[in-house]
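To keep things clear, I will list the structure first and then write my remarks on it.
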Amino acid sequence: MKLHYYAETDSLYIELQARPGVETREVAAGLNVDLDETGAVVGFDIDGASRRLDLSKVETVALPVPAERAA
């Protein structure tokens with residue numbers, strides 16, 4: 001999973017899969033979901049991210065990965 005912040009558009013993209021999206025659906029005002037060719041979710045785009053979220057801190061809780069792999 002990767003987080004991409006784009007200051008020029010104030011959007012946060014949460015990439016769940018490293019595959020291209022072929023369809024985007026707006027699921028709520030300012031929240032879009034990208035789907036691959038099979039309909040699986042590959043990412044979320046949040047418009048106006050700095051107004052909606054506290055972007056100063058990212059926290060993870062109980063991820064099932066060894067500590068040496070966490071970045």
Do you reckon [X] sits in the same ILVMFWY cluster as [Y], going by side-chain contacts under 4.5 Å, direct or chained?
X: L63; Y: L16; answer: no
X: L31; Y: V41; answer: yes
X: I14; Y: V58; answer: yes
X: V42; Y: V27; answer: no

(Q) Please give me the minimum heavy-atom distance between D47 and S11, naming the atom from each residue. (A)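 Scanning both residues completely, I find the closest heavy atoms to be OD1-CB, 4.2 Å.
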Q: Tell me, please, which residues at least two apart from K57 pass salt bridge (Lys or Arg N to Asp or Glu O under 4.0 Å).
A: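 Residues passing salt bridge (Lys or Arg N to Asp or Glu O under 4.0 Å) with K57: E59.
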**Q.** Residue pairs fulfilling side-chain hydrogen bond (donor to acceptor under 3.5 Å, both in side chains) with at least one residue in residues 14-23, sequence neighbours excluded
**A.**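 Passing the test, one end in residues 14-23: H4-E15, Q17-R19, R19-D36, E23-R25.
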Q. Step by step, would you call D10 with S50 a side-chain hydrogen bond (donor to acceptor under 3.5 Å, both in side chains)?
A. CA-CA 6 Å; D10 189 25; S50 70; 3.0 Å; yes
Q) Which is it for I46 and Y13 under the side-chain contact (heavy atoms from CB on, under 4.5 Å) test, yes or no, and what are the steps along the way? A) CA-CA 6 Å; I46 303 169; Y13 189 75; over 6 Å; no
**Q.** Partners meeting side-chain hydrogen bond (donor to acceptor under 3.5 Å, both in side chains) with Y6 (sequence neighbours left out)
**A.**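 So Y6 forms no side-chain hydrogen bond (donor to acceptor under 3.5 Å, both in side chains) with any residue.
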Q: Take D34 and T24 through the test side-chain hydrogen bond (donor to acceptor under 3.5 Å, both in side chains) and record every step on the way to the result.
A: CA-CA 4 Å; D34 285 339; T24 300; 2.6 Å; yes
